[in-house]
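Worksheet: one structure, shown below.
Not measured: the values here are computed from a predicted model. Residues: numbered from 1 along the sequence shown. Any value given below was found using the heavy atoms of this structure, including those in side chains, with hydrogens, waters and symmetry copies removed.
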Amino acid sequence: QQKSLGPEGLSNCEKEINECIEFNEKNMDEVEDIIEELPSPTIGEGISFHPLHTNKDRMDQGLITHEIESDFVRFYFTFDTDHLSTEDKALLGVYAKLFCDTALLHGGKEVPYEDAIKLKE
């Protein structure tokens, strides 16, 4: 870049950079004043936490479930697949798809998927 800009181009770049630095420093005082005027939020007000229930009944199978009483849920799964054969690992995608399409136990009763999605309605 030094060759393509030449001494005059480098001088212009230096001048432009120095002008930008000066502008930023001059306006930083205004920005700090604006930031100081903003009210500090109170943490914790209006935040409701959902109870979390952990079920470790099937821990011997490597399964721990967490139940959250909320209509907004994300599922994250972590599996130890070291003990699975290559053929079984190929089926993990099928098992993941079936997870949201099969019945579940609710109150000790098996509830079909179609009815399960209506439980919160």
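In this view, L5 and L10, C13 satisfy the side-chain contact (heavy atoms from CB on, under 4.5 Å) rule, not counting sequence neighbours. S85 pairs by the side-chain contact (heavy atoms from CB on, under 4.5 Å) definition with E87, D88, not counting sequence neighbours.
Within a 6.0 Å sphere centred on CD of E32, other residues, nucleotides and ligands contribute more than 12 heavy atoms. In E22, the CD atom is not crowded: 12 or fewer heavy atoms of neighbouring residues, nucleotides or ligands sit closer than 6.0 Å.
How far NE2 of H83 is from OG1 of T81: 8.0 Å, rounded to the nearest 0.5 Å. We find the CG-NZ distance between D82 and K89 to be 6.5 Å, quoted to the nearest 0.5 Å. Atom CG of residue L91 and atom OG1 of residue T86 lie 11.5 Å apart, to the nearest 0.5 angstrom.
Residue I17 is found in a hydrophobic cluster whose other members, listed by chain and number, are I21; membership requires side-chain heavy atoms under 4.5 Å apart, directly or through intermediates. Residue L38 is found outside any hydrophobic cluster, as its side-chain heavy atoms come under 4.5 Å of no other Ile, Leu, Val, Met, Phe, Trp or Tyr.
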